[in-house]
Amino acid sequence: MNHQYSTTEIIQTARFAKAMGHPTRIAILLFLVGQDSCFFGDIHEELSIAKATVSQHLKELKEAGLIQGETEAPKVRYCINQENWKLAKKLFTSFFIDCQCKDTSCGE
């Protein structure tokens, strides 16, 4: 390995990976990343997914720190958490670069 991983980095990488580990959450992240600014509206209408389902997944993404939301009654404005998004990119990039199979039988 090129990088010595701290326990904090390992835990944070796993937390981001878990939060991203569902197709609906990936769809939500792709939707929010594609916005020019924070999204103020009903994401469930934009993605044609049940409101309760989207709400549950937004909660998971918010708890992981990948998105942030501010309530502006009666709706919530959601954005990518830019600081944690950059951190996730850095952690995943390091992980995939450092964790390359050195055994030629790995299938590359």
Side-chain angles (χ1 to χ4, degrees):
M1 270 196 288
N2 299 329
H3 178 88
Q4 289 292 332
Y5 291 89
S6 69
T7 301
T8 302
E9 288 175 315
I10 291 169
I11 290 169
Q12 189 63 61
T13 303
R15 187 172 184 205
F16 288 150
K18 182 180 179 190
M20 296 173 74
H22 192 283
T24 299
R25 293 184 204 139
I26 295 294
I28 291 168
L29 289 170
L30 288 169
F31 174 75
L32 290 175
V33 165
Q35 301 300 304
D36 291 331
S37 60
C38 292
F39 180 76
F40 184 70
D42 294 317
I43 292 176
H44 72 278
E45 290 177 2
E46 299 294 325
L47 300 178
S48 299
I49 300 170
K51 186 174 184 175
T53 301
V54 169
S55 179
Q56 174 188 354
H57 290 299
L58 286 168
K59 180 181 175 197
E60 291 287 332
L61 291 168
K62 191 172 178 184
E63 286 176 359
L66 290 170
I67 65 170
Q68 53 196 22
E70 296 177 21
T71 302
E72 294 181 17
K75 298 184 182 187
V76 180
R77 179 176 46 180
Y78 285 102
C79 305
I80 293 293
N81 180 320
Q82 294 296 327
E83 182 179 331
N84 283 339
W85 192 252
K86 289 175 187 171
L87 176 59
K89 182 178 179 179
K90 177 184 167 201
L91 291 171
F92 285 123
T93 299
S94 291
F95 176 79
F96 285 114
I97 288 172
D98 291 345
C99 295
Q100 294 184 33
C101 185
K102 292 170 182 49
D103 182 352
T104 57
S105 66
C106 286
E108 285 190 16

Which residues share a side-chain contact (heavy atoms from CB on, under 4.5 Å) with L47, sequence neighbours left out: I28, F31, I43, I49
Inter-residue atom distance L87.CG - F92.CZ, 0.5 Å rounding: 9.5 Å
Between OG1 on residue T7 and CD on residue E9, distance to nearest 0.5 Å: 9.5 Å
Distance, nearest 0.5 Å, that separates NZ of K62 from OH of Y78: 6.0 Å
Approximate separation, where rounding is to 0.5 Å, of E70 CD and C79 SG: 7.0 Å
With T93 via side-chain contact (heavy atoms from CB on, under 4.5 Å) - residues at least two apart: K89, I97
Candidate list L61, L66, V33, test side chain to side chain contact (heavy atoms under 4.5 Å, CB included), partner I80, passing option: V33
Shared hydrophobic cluster, I26 / L91 (ILVMFWY, side-chain heavy atoms < 4.5 Å): yes
Nearest non-hydrogen partners of E60 and A19, listed with the distance: O-CB, 4.3 Å
Check: K90 main-chain N/O paired with S94 side-chain donor or acceptor under 3.5 Å: yes
Spacing of I10 atom CD1 and F95 atom CZ [to the nearest 0.5 Å]: 10.0 Å
Rounded distance [0.5 Å steps], CD1 in I67 versus NE2 in H57: 11.5 Å
Side-chain (N81) to main-chain (N84) donor-acceptor, under 3.5 angstrom: yes
